[in-house]
Amino acid sequence: QVQLVESGGGLVQAGDSLRLSCAASGRTLSNYGMGWFRQAPGKEREFVAGISGTGRMTDSADSVKGRFTISRDNSKGTVYLQMNVLKPEDTAVYYCAADQSHRITVGLFAAEYDSWGQGTQVTVSS
């Protein structure tokens, strides 16, 4: 089982940028699809962005398209989420997840992922 640890969260102002990192240990991430999800207080966990095992395919939620970018560095066993032009509605706990099924597409649903990190808080003030 792969262990995932997120970092990079914090308190920022609207319009600022943050880069989240997700480091893996235990197993290589090379063949795993990876995703970022977020959960705001009182809301369900939602898909933010995902990347296929090869890195050739990515997808993101409409609410973050054009602002957030997911990428991966398999040599470092790390996945990133670059978040630009942050908005107060982006405030949430952000989770990194691994999909070990070797699917060739990007998983869009939490049920498609089988390893999760503990999350990192992102707070955007207006």
Side-chain angles (χ1 to χ4, degrees):
Q1 193 80 355
V2 61
Q3 287 82 45
L4 304 172
V5 178
E6 303 95 337
S7 61
L11 172 62
V12 297
Q13 293 186 332
D16 285 351
S17 297
L18 277 177
R19 189 176 79 157
L20 304 183
S21 299
C22 172
S25 62
R27 288 191 177 183
T28 177
L29 285 181
S30 297
N31 296 319
Y32 297 164
M34 299 296 297
W36 286 97
F37 288 74
R38 67 187 182 187
Q39 187 166 18
K43 295 188 177 182
E44 293 188 355
R45 191 170 297 191
E46 64 174 358
F47 172 79
V48 176
I51 187 167
S52 63
T54 62
R56 295 191 186 118
M57 295 179 64
T58 63
D59 201 351
S60 59
D62 288 343
S63 59
V64 305
K65 269 187 170 65
R67 299 189 298 123
F68 291 11
T69 302
I70 188 171
S71 61
R72 65 191 300 156
D73 185 341
N74 286 340
S75 68
K76 296 182 178 179
T78 303
V79 176
Y80 305 98
L81 184 68
Q82 178 67 44
M83 305 186 295
N84 298 327
V85 194
L86 282 160
K87 304 176 181 179
E89 50 263 44
D90 295 319
T91 295
V93 177
Y94 283 70
Y95 298 91
C96 172
D99 168 15
Q100 302 176 63
S101 71
H102 302 291
R103 79 181 74 247
I104 61 173
T105 56
V106 175
L108 304 180
F109 303 99
E112 295 177 301
Y113 294 83
D114 35 38
S115 293
W116 292 82
Q118 294 300 307
T120 185
Q121 177 70 46
V122 172
T123 303
V124 185
S125 63
S126 57

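Positions are given from 1 along the sequence.
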If every non-hydrogen atom of [X] is compared with every non-hydrogen atom of [Y], which pair is closest and at what distance?
| X | Y | result |
| --- | --- | --- |
| S126 | P88 | CB-CG, 3.8 Å |
| A40 | T91 | CB-O, 3.7 Å |
| G35 | Y113 | N-CE2, 3.5 Å |
| V106 | I51 | CG1-N, 4.0 Å |
| K43 | Q39 | O-NE2, 3.1 Å |
| G50 | I70 | O-CG2, 3.5 Å |

Within a 6.0 Å radius of atom [atom1] on [X], are there more than 12 heavy atoms belonging to other residues, nucleotides or ligands?
| X | atom1 | value |
| --- | --- | --- |
| K76 | NZ | no |
| Q3 | CD | yes |
| I104 | CD1 | no |

Quick one: do [X] and [Y] end up in the same hydrophobic cluster if we chain Ile, Leu, Val, Met, Phe, Trp and Tyr together by side-chain heavy atoms under 4.5 Å apart?
| X | Y | value |
| --- | --- | --- |
| F68 | F47 | no |
| V93 | V48 | no |
| Y95 | L86 | no |
| F37 | L81 | no |
| W116 | V5 | no |

Drop me the distance from [X]'s [atom1] to [Y]'s [atom2], to the nearest 0.5 angstrom.
| X | Y | atom1 | atom2 | value |
| --- | --- | --- | --- | --- |
| D59 | S52 | CG | OG | 10.5 Å |
| D90 | D16 | CG | CG | 11.5 Å |
| Q118 | S7 | CD | OG | 13.5 Å |
| T69 | R67 | OG1 | CZ | 10.5 Å |

Query raised in the report: Got a sec, which residues hit side chain to side chain donor-acceptor pair (under 3.5 Å) with T123, two or more places apart in sequence or on another chain?
Result: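 Applying side chain to side chain donor-acceptor pair (under 3.5 Å) to T123 gives Q121.
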Report task. Give every residue pair that meets the salt bridge (charged side-chain N to carboxylate O under 4.0 Å, His left out) criterion with at least one member in residues 93-107, sequence neighbours excluded. Result ->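 Applying salt bridge (charged side-chain N to carboxylate O under 4.0 Å, His left out) to every pair that reaches into residues 93-107, excluding sequence neighbours, yields D99-R103, R103-E112.
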Donor on one side chain, acceptor on other, [X] and [Y], under 3.5 Å:
| X | Y | result |
| --- | --- | --- |
| S115 | Q100 | yes |
| Y94 | R38 | yes |
| S17 | N84 | yes |

Query - Under 3.5 Å donor-acceptor, K65 side chain and S60 backbone - result: yes
Query raised in the report: Is there a donor-acceptor pair under 3.5 Å between the side chain of E6 and the backbone N or O of G119?
Result: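 Looks like yes, one N/O pair under 3.5 Å.
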Does the side chain of [X] reach to within under 4.5 Å of the side chain of [Y], using non-hydrogen atoms?
| X | Y | value |
| --- | --- | --- |
| M34 | L4 | yes |
| R72 | Y80 | no |
| V122 | M83 | yes |

